[in-house]
Amino acid sequence: MATILREETERLRPGDRLPSSREIVRLHGVSPVTVSRALGRLAAEGRVVTRPGSGTYVAHRPARADGPADLSWQTVALGDRVVDDAGVSGLLTPPPDGVVPLTGGYLNPALRPSRALNAAAARALRRPDAWALPPLTGLAELRGWFAREAGGDVTPSDVLVVSGGQSALTHALRALAAPGTPVLVETPAYPGALASARAAGLRATAVPMDRDGVRPELLAEAFAVTGARVFLCQPTLHNPTGATLTRERREQVLAVARAAGAFVIEDDYARYFATAPVPPPLVALDAHGTVVHVNSLTKVLAPSMRVAGVIARGPAAHRIRASQLVDSFFVARPLQETALELVSSGAWPRHLSMLGAELETRRNALAAAVTARLPAAGLHLVPRGGLHLWVRLPPDLDEEAVVEAARREGVLVSPGRIYYPAEPPGPRIRLTHVAAAHLPELAEGVRRLALAVERAAGGSP
């Protein structure tokens, strides 16, 4: 019956009335139930429209275009709720073959403890409850490990296990600040944090820093002027500058935040990349619930080890946990079990020891190459570890032109502008030393970069 009526709609024009159900029953010798079901099927297909008390009519169907679908209507429906991922996606895109990566934030595969991770995953999957529902805040043993790493009087109950550092920042910003309010950030700042703030509807406001980190007196002024209640920072081996906040300044930052009645989100992403002693985390110095601390295992282990610990106390902790719950429920148990197996084994300290030595060698090699081949550029500082060097280009150079020329020469670098919430003070680039395969590739990358700088300056190619 549906086939017959479907053919009937094809012969009629949109808006024409079909015979009544009684007429269809009489014409085709079928039951009223059969007719009703057939008309219902055609209505579901969008072929007919039933108007109670009037009858059934052929529906108006949009004409089929030969080209691609016109999706421009979505622009009006979506409005201006734009999530800008440009600064982050570029850092996550693998380089083409033959291109030297002096950008990105993940270890080259040769630096990852892949064999130890595979062994840890195998042990984790042999556990009888490996695929069971984990505690919503994370495995107790893993929360205990994160608490011990933070130090101070942090307890396992203060820890929430989340899916990586970026997720942790997103949950913290969403939970601690209302849309439309300001959030203070160091300038320059990690692009992922700026993207998270903007996606949460927050206004990122810059606080200047120097070679020793954020300047406490300017932080106090920023709190007073903006009325902000959140300060997001990376006090250890800051990305991109490499600055490490001194113990004295850490105490000052906490005092300033307490006086403003504000939270400090501490992104402690680089603690395991230190090649010299660094001060304790801010959270270890905090006795008032001021600090929300983030410690991620992703960068120090592997990109897909999306496991991080968030430390918070009081109502702030409840809000962050609620954000995690409604967003993704929990972190997959096999991933948590694997992380726990790895950090509880002898492979963990061996990896950190090997990595520390390699980072120091690579940092020194990159700094020496930049000094030798780019004498007109300036290093912000040679950090106490970390993954990056922050380079100041001559003021007469166009940063975008340098980055594009470098790409054409076969080397990728990070443009400085993506690290600023407002106008940058001048041309800058960030150079990463851990994505390259080995020291000769690092040297080749700087050689290509020098050619790009010469080209951008108007010299011979």
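A quick note: this is a predicted structure, and the numbers were derived from the prediction, not measured.
Note that CZ of Phe263 and CG of Leu176 are 5.5 Å apart. Values are rounded to the nearest 0.5 Å. Rounded to the nearest 0.5 Å, atoms CH2 (Trp348) and OH (Tyr272) are 5.0 Å apart.
Other residues, nucleotides and ligands place more than 12 heavy atoms under 6.0 Å from the CZ atom of Arg408. The number of heavy atoms from other shown groups lying within 6.0 Å of CD (Glu23) is above 12. Within a 6.0 Å sphere centred on CZ of Arg258, other residues, nucleotides and ligands contribute more than 12 heavy atoms. The number of heavy-atom neighbours closer than 6.0 Å to CZ of Arg319, taken from other residues, nucleotides and ligands shown, is 12 or below. When the shell of 6.0 Å around CZ of Arg392 is examined, it contains 12 or fewer heavy atoms from other residues, nucleotides or ligands. For His28, the NE2 atom sits in a packed shell: over 12 heavy atoms of surrounding residues, nucleotides or ligands are nearer than 6.0 Å. At most 12 heavy atoms of other shown residues, nucleotides or ligands fall within 6.0 angstrom of atom CD in Glu221.
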May I have the list of side-chain donor-acceptor pairs in residues 421-428 shorter than 3.5 Å, sequence neighbours left out?
none

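Under a 4.0 Å N-O distance rule, the pair Glu400/Arg417 does not qualify as a salt bridge. A salt bridge links Arg313 with Asp153: at least one charged nitrogen is closer than 4.0 Å to a carboxylate oxygen. Comment: Asp129 engages Arg333 in a salt bridge, judged by a side-chain N to carboxylate O separation of less than 4.0 angstrom. Salt bridge status for Arg41 with Glu45: absent, with no side-chain N to carboxylate O gap under 4.0 Å.
Using a distance-only test at 3.5 Å, with no hydrogens or angles considered, no donor-acceptor pair links the side chain of His238 to the main chain of Ala189. A donor-acceptor pair is defined here as one N or O able to donate and one able to accept, closer than 3.5 Å; such a pair exists between the side chain of Arg350 and the backbone of Gly346. Checking side-chain atoms of Glu186 against main-chain N and O of Gln234 turns up a donor-acceptor pair under 3.5 Å.
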Original post:
Taking it one step at a time, do Glu10 and Arg6 satisfy salt bridge (Lys or Arg N to Asp or Glu O under 4.0 Å)?
Top reply: CA-CA 7 Å; Glu10 295 290 346; Arg6 193 177 292 113; over 6 Å; no
**OP:** Could you walk me through whether Arg271 and Glu149 pass the salt bridge (Lys or Arg N to Asp or Glu O under 4.0 Å) test, one step at a time?
**Re:** CA-CA 10 Å; Arg271 176 155 297 274; Glu149 290 294 293; over 6 Å; no
Original post:
Do Arg448 and Glu444 pass the salt bridge (Lys or Arg N to Asp or Glu O under 4.0 Å) test, and can you show the C-alpha distance, the side-chain angles, and the key distance before you say yes or no?
Top reply: CA-CA 6 Å; Arg448 296 180 186 184; Glu444 174 62 15; 2.8 Å; yes
Original post:
Checking salt bridge (Lys or Arg N to Asp or Glu O under 4.0 Å) for the pair Arg123/Glu337: CA distance, chi angles, key distance, verdict?
Top reply: CA-CA 9 Å; Arg123 295 194 301 272; Glu337 297 279 12; over 6 Å; no
Subject >> Trace of the side-chain contact (heavy atoms from CB on, under 4.5 Å) decision for Tyr106 with Leu387 >> reply: CA-CA 9 Å; Tyr106 294 122; Leu387 311 177; over 6 Å; no
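Of the N and O atoms on the side chains of Ser323 and Arg174, at least one donor lies less than 3.5 Å from an acceptor on the other residue. Side-chain polar atoms of Thr338 and Glu341 form no donor-acceptor pair below 3.5 angstrom. Under the 3.5 Å distance criterion, with hydrogens and angles disregarded, no donor-acceptor pair is assigned to the side chains of Tyr269 and Gln166. For the residue pair Ser167 / Thr170, no side-chain donor-acceptor distance below 3.5 Å is found, with atom types taken as modelled. In the model, Thr103 has no side-chain atom that pairs as donor or acceptor with a side-chain atom of Thr432 under 3.5 Å.
Between Phe231 and Phe223, the angle of the ring planes goes over 60°, which puts this pair in the perpendicular group of the 30/60° scheme.
Using a 4.5 Å heavy-atom threshold, the side chains of Val99 and Pro96 count as touching. Considering only heavy atoms from C-beta on, Val307 comes within 4.5 Å of Val161 through its side chain.
For the pair Gly416 and Glu399, the tightest heavy-atom approach, listed with the atom from each and the gap, is N-OE2, 3.1 Å.
Annotation: cation-pi geometry satisfied between Arg51 and Tyr57 (NZ/CZ under 6.0 angstrom from ring centroid, within 45° of ring axis).
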